[in-house]
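Every chain is numbered from 1, with letters handed out A, B, ... down the list of sequences.
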2 protein chains.
Amino acid sequence: MSNNEIKKCDSTIIHEDVVNKVKENMPPEESLYNLAELFKVFGDSTRIRILYALSASDMCVCDIAALLDMSQSAISHQLRILKQARLVKYRKEGKVVYYSLDDDHVNQIFAQGLEHVKE
Amino acid sequence: MSNNEIKKCDSTIIHEDVVNKVKENMPPEESLYNLAELFKVFGDSTRIRILYALSASDMCVCDIAALLDMSQSAISHQLRILKQARLVKYRKEGKVVYYSLDDDHVNQIFAQGLEHVKE
DNA sequence: TGAATACATGAATAGATGTTCATATGTACA
DNA sequence: TGTACATATGAACATCTATTCATGTATTCA
């Protein structure tokens, strides 16, 4: 790297060419924000366990609560978040509401994550 | 489903067979916890932007701060979290510390996430 | 050696988030 | 119609988290 690129860090930048090039290719702010929001949904062990359970079988709220040994209210709140993120869908049968995964990507994202965790 | 499986939700469960079968196949608590912790790292737009920037080019702390228009301290704190999650690595050259992605999975997890977000 | 610079880090604070508690909604069934 | 039950939801609270501010560490160079 040439010395004339060096500037004081706090005021400007060191490698102006690199920064400019990367900046040009950055996706729109909104895309990365949405991506972070999606991963935020995956970033809670209760929701992860719900998603994993649903990848094994469709289940009603009550069963999920029993499976995870948590209150029905807590599960219902989390299902709402998963629903808003379009990660789960539901069908009603009388009083009972059955939830299931709403997206093929869920399993793939899971798999990729597990690859990293394993080691 | 047969009626003798029906129980009161708050006390027990509705579909005991399903719950038991899913419970048997649940991964160890720790695995799902670690998975959630990993996604939690992805679940912040500052870190997402850092990771995206590093997927384009290795960069020093100062340049990342300039690129994202944030303080050096804020970036350094986030890099620490990314380092602990083994998502980035670094090399020192004199005073300057260059960060880069430490895992091929990062790009793949990114890609899967973007697939879901796009629509 | 001393000044300048790039980065790291601890403490503090404001804001976000998950669970609980109480209660509302909607469906089935006697 | 009234009771029981499965689920949803709003408010409150405790905990977690991202950034700022001040300062420490390490390296270069005059």
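- Nearest to the side-chain atoms of A/V96 among the listed nucleotides C/dT19, D/dA18, D/dA6 stands D/dA6.
- Stacking between A/H77 and the base of C/dT19 is absent under the criterion of ring centres within 5.5 Å and planes under 30 degrees.
- Comparing atom distances between the B/C60 side chain and each of C/dT19, D/dA8, C/dC7 picks out C/dC7 as nearest.
- Here salt bridge (charged side-chain N to carboxylate O under 4.0 Å, His left out) pairs that include residues 81-92 of chain A, with residues two or more places apart or in two chains, are A/D58-A/R91, A/R86-B/E119, A/R91-A/E93.
- Across all strands shown, A/S71 has heavy atoms under 4.0 Å from sugar-phosphate atoms exclusively, and none from any base.
- Along DNA chain C, the nucleotide nearest to A/G94 and the one nearest to B/S73 differ in position, and the one closer to the 5' end is contacted by B/S73.
- Between A/F110 and A/F42, the angle of the ring planes goes over 60°, which puts this pair in the perpendicular group of the 30/60° scheme.
- Taking for each of A/D44 and A/K95 the nucleotide of DNA chain C with the nearest heavy atom, the 5'-most of the two is the partner of A/D44.
- In this entry the distance linking CD1 of A/I64 with P of C/dT19 reads 14 Å, nearest Å.
- B/D103 is not listed as a side-chain neighbour of B/I109, based on a closest heavy-atom distance of 4.5 Å or more.
- As judged by a 4.0 angstrom heavy-atom cut-off over every strand, A/Y90 is placed among residues making no nucleic acid contact.
- Rounded to whole Å, the distance from OH on A/Y99 to C1' on D/dA6 is 11 Å.
- Atom CD of A/Q84 and atom P of C/dG18 are 12 Å apart (whole Å).
- Considering only side-chain N and O atoms, A/K40 lies under 4.0 angstrom from the phosphate OP1 or OP2 of C/dT17.
- A straight line from NZ of A/K92 to C1' of C/dT27 spans 7 Å, rounded to a whole angstrom.
- Side-chain atoms of B/S76 never come within 3.5 Å of backbone atoms of B/S73 as a donor-acceptor pair (strictly under, hydrogens ignored).
- Comparing D/dA6, D/dA18, C/dA8 against the side chain of B/V97 picks out C/dA8 as the nearest.
- If you check distances only, the side chain of A/Q72 does reach the base of D/dA8 with a donor-acceptor pair under 3.5 Å.
- What separates CE of A/M70 from C1' of C/dT19 is a distance of 7 Å, to the nearest Å.
- Separating the CZ atom of A/R91 from the P atom of C/dT27 is a distance of 16 Å, rounded to the nearest angstrom.
- Contact between the side-chain N/O atoms of A/R80 and the OP1/OP2 oxygens of D/dT7 is not found at any separation under 4.0 Å.
- C/dA8 atom P lies 11 Å from atom CD1 of B/I75, rounded to whole Å.
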Decide yes or no on ring-ring contact (aromatic ring centres under 6.0 Å, His included) for B/F39 and A/H116, but give the supporting numbers first.
CA-CA 11 Å; B/F39 285 125; A/H116 182 86; 9.9 Å; no
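- Atom CG of A/L79 and atom P of D/dA6 are 16 Å apart (whole Å).
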